A.B. asks: 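So that we are looking at the same thing, I have put the structure below in structure tokens.
Please read all numbers here as calculations on a predicted model, not as lab measurements.
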Amino acid sequence: MNAYFKPREGLDALKSDLNERPCKIAFLGNSVTAQKEGYVHQLASQINDYFPPTHEFIYAGIGGIGSLASCFLIEDFVLRHQPDFCFVECTVADIGYATPPQYLKPALEGIIQKLISLSTKICFLHLHNTHTLPERSDEIIWEYEEVLDCYKIPSINVREKINLGILDKDFQVTDILYDG
């Protein structure tokens, strides 16, 4: 199994859905999700290249917010579109203290429960930031993973892969990131 990917439950059905019919795929997150030339547009393009039907994408990236604000804004920016699948990326902002620690787990559960209520399949992404100590990043990701384990929600730890690539000098941070 890939050390950066925790499949848990839920992605097998997505793969078959993507192959069989056009799906609505949402991206919920903060500034790294909102970037015009960021990961969401590259990932959306790869999904459409790899899976035959053309899929619809919902871009719900809002700079400077974490999981708590995302939990309150998810109805307006994601749920009203009734997505089949949602990538959630709030880790970078939460690592940067966007969500007070006592609200982190309830905010994540709120996002998950709201998506589950529409039968939306979910995958959380942990992206890299350059402005926070690794210990803080590890602590927040550990708290995310605790909640995701309870709900059996898959996650992809892109942050860990990037960190190793930087340490191995495969690339530099400026090669892959447009902001923190």
Side-chain angles (χ1 to χ4, degrees), residues 8-11 13-14 17-18 21-48 51 53-129 131-132 137 140-141 143-159 177-180:
R8 294 181 180 99
E9 294 177 8
L11 288 184
L14 175 68
D17 286 352
L18 289 172
R21 64 183 175 82
C23 294
K24 288 183 184 178
I25 302 168
F27 296 96
L28 174 66
N30 41 53
S31 62
V32 293
T33 301
Q35 294 170 356
K36 291 183 181 188
E37 295 181 24
Y39 82 93
V40 294
H41 298 284
Q42 294 173 24
L43 183 54
S45 177
Q46 289 174 350
I47 289 170
N48 271 338
F51 296 99
T54 300
H55 304 285
E56 180 182 338
F57 298 98
I58 301 147
Y59 301 104
I62 306 163
I65 69 166
S67 57
L68 183 59
S70 293
C71 184
F72 286 103
L73 296 172
I74 195 170
E75 286 93 353
D76 290 336
F77 290 93
V78 174
L79 299 181
R80 69 184 177 94
H81 298 286
Q82 300 181 322
D84 300 295
F85 188 78
C86 185
F87 287 100
V88 180
E89 189 295 306
C90 297
T91 312
V92 170
D94 284 342
I95 288 169
Y97 301 95
T99 299
Q102 69 271 28
Y103 296 119
L104 184 61
K105 288 181 180 179
L108 295 173
E109 288 184 352
I111 290 168
I112 291 167
Q113 290 171 4
K114 289 175 182 187
L115 289 165
I116 288 173
S117 74
L118 289 181
S119 299
T120 302
K121 296 169 185 76
I122 310 163
C123 181
F124 274 72
L125 303 173
H126 304 304
L127 299 183
H128 183 81
N129 72 3
H131 56 279
T132 308
S137 299
I140 296 300
I141 290 172
E143 288 194 45
Y144 266 73
E145 291 298 323
E146 236 183 4
V147 173
L148 299 177
D149 276 339
C150 289
Y151 286 90
K152 297 178 175 48
I153 303 293
S155 66
I156 302 171
N157 192 342
V158 180
R159 176 192 170 276
L177 294 175
Y178 297 104
D179 77 2

A.B. asks: A side-chain contact here means heavy atoms from C-beta on lying under 4.5 Å apart; do Asp17 and Phe85 qualify?
C.D. replies: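 No. Closest side-chain heavy atoms not under 4.5 Å.
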
A.B. asks: Between Lys105 and Glu143, what is the shortest heavy-atom contact and its length?
C.D. replies: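 What the structure gives for the nearest pair is CE-OE1, 3.9 Å.
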
A.B. asks: When you measure from the side chain of His55 to the backbone N and O of Pro53, does any donor-acceptor pair fall under 3.5 Å?
C.D. replies: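 Present.
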
A.B. asks: What distance separates Cys86 SG from Ile74 CD1, expressed to the nearest 0.5 Å?
C.D. replies: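 Nearest 0.5 Å value for the SG-CD1 distance: 5.5 Å.
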
A.B. asks: Can you see which heavy atom on Ala34 is nearest to which on Ile62, and at what distance?
C.D. replies: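 Taking Ala34 first and Ile62 second, the nearest heavy atoms are CB-N, 4.2 Å.
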
A.B. asks: Closest approach of Asp84 and Cys23, non-hydrogen atoms and distance?
C.D. replies: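 Nearest pair, atom of Asp84 first, then Cys23: OD2-CA, 3.2 Å.
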
A.B. asks: Between the side chain of Thr33 and the main-chain N/O of Ala60, is any donor-acceptor distance below 3.5 Å?
C.D. replies: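 Looks like no, no N/O pair under 3.5 Å.
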
A.B. asks: Can you name the one residue among Leu115, Leu108, Leu148 that meets side chain to side chain contact (heavy atoms under 4.5 Å, CB included) with Ile153?
C.D. replies: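 When side chain to side chain contact (heavy atoms under 4.5 Å, CB included) is applied between Ile153 and each of Leu115, Leu108, Leu148, only Leu148 qualifies.
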
A.B. asks: Using the six-membered ring wherever Trp is involved, compare the ring planes of Phe27 and Phe87 and label them parallel, tilted or perpendicular (cut-offs 30° and 60°).
C.D. replies: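 Ring orientation, 0 to 90° scale: parallel.
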
A.B. asks: Once rounded to the nearest 0.5 Å, what's the spacing between atom CD1 of Ile111 and atom CZ of Phe72?
C.D. replies: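 One gets 10.5 Å once the value is rounded to the nearest 0.5 Å.
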
A.B. asks: Kindly say whether Gly64 contributes a backbone atom to a donor-acceptor pair with the side chain of Asn30 at under 3.5 angstrom?
C.D. replies: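 Flag not set: sc Asn30 to bb Gly64 has no pair under 3.5 Å.
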
A.B. asks: At their closest point, which heavy atom of Gly66 faces which heavy atom of Ala98, and how far apart are they?
C.D. replies: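 Heavy atoms only, the tightest pair is N-CB, 3.6 Å.
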
A.B. asks: Rounded to the nearest 0.5 Å, how far apart are SG of Cys90 and CG of Leu125?
C.D. replies: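 The distance works out to 10.0 Å.
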
A.B. asks: Looking only at atom types and distance, does a side-chain atom of Glu56 sit under 3.5 Å from a main-chain N or O of Ile58, one as donor and one as acceptor?
C.D. replies: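 Side chain of Glu56 to backbone of Ile58, a donor-acceptor pair under 3.5 Å: no, none is there.
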
A.B. asks: Among residues at least two apart in sequence or on other chains, which ones pass side chain to side chain contact (heavy atoms under 4.5 Å, CB included) with Glu109?
C.D. replies: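 Partners of Glu109 by the side chain to side chain contact (heavy atoms under 4.5 Å, CB included) criterion, ordered by chain and then number, come out as Gln113, Val147, Tyr151.
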
A.B. asks: Out of curiosity, Ser119 OG to Gln82 CD, how far, rounded to the nearest 0.5 Å?
C.D. replies: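 Result: 10.5 Å between the selected atoms.
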
A.B. asks: Rounded to the nearest 0.5 Å, how far does CD1 of Ile25 lie from CD1 of Ile47?
C.D. replies: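 If I round to the nearest 0.5 Å, the distance is 4.0 Å.
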
A.B. asks: For the CZ atom of Phe124 and the CD1 atom of Ile141, what is their distance to the nearest 0.5 Å?
C.D. replies: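 Separation between the atoms: 12.5 Å.
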
A.B. asks: Tell me, which pairs form a side-chain hydrogen bond (donor to acceptor under 3.5 Å, both in side chains) where one or both residues lie in residues 62-76, sequence neighbours left out?
C.D. replies: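 Qualifying pairs: Ser67-Asp94, Ser67-Thr99, Glu75-Lys114.
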
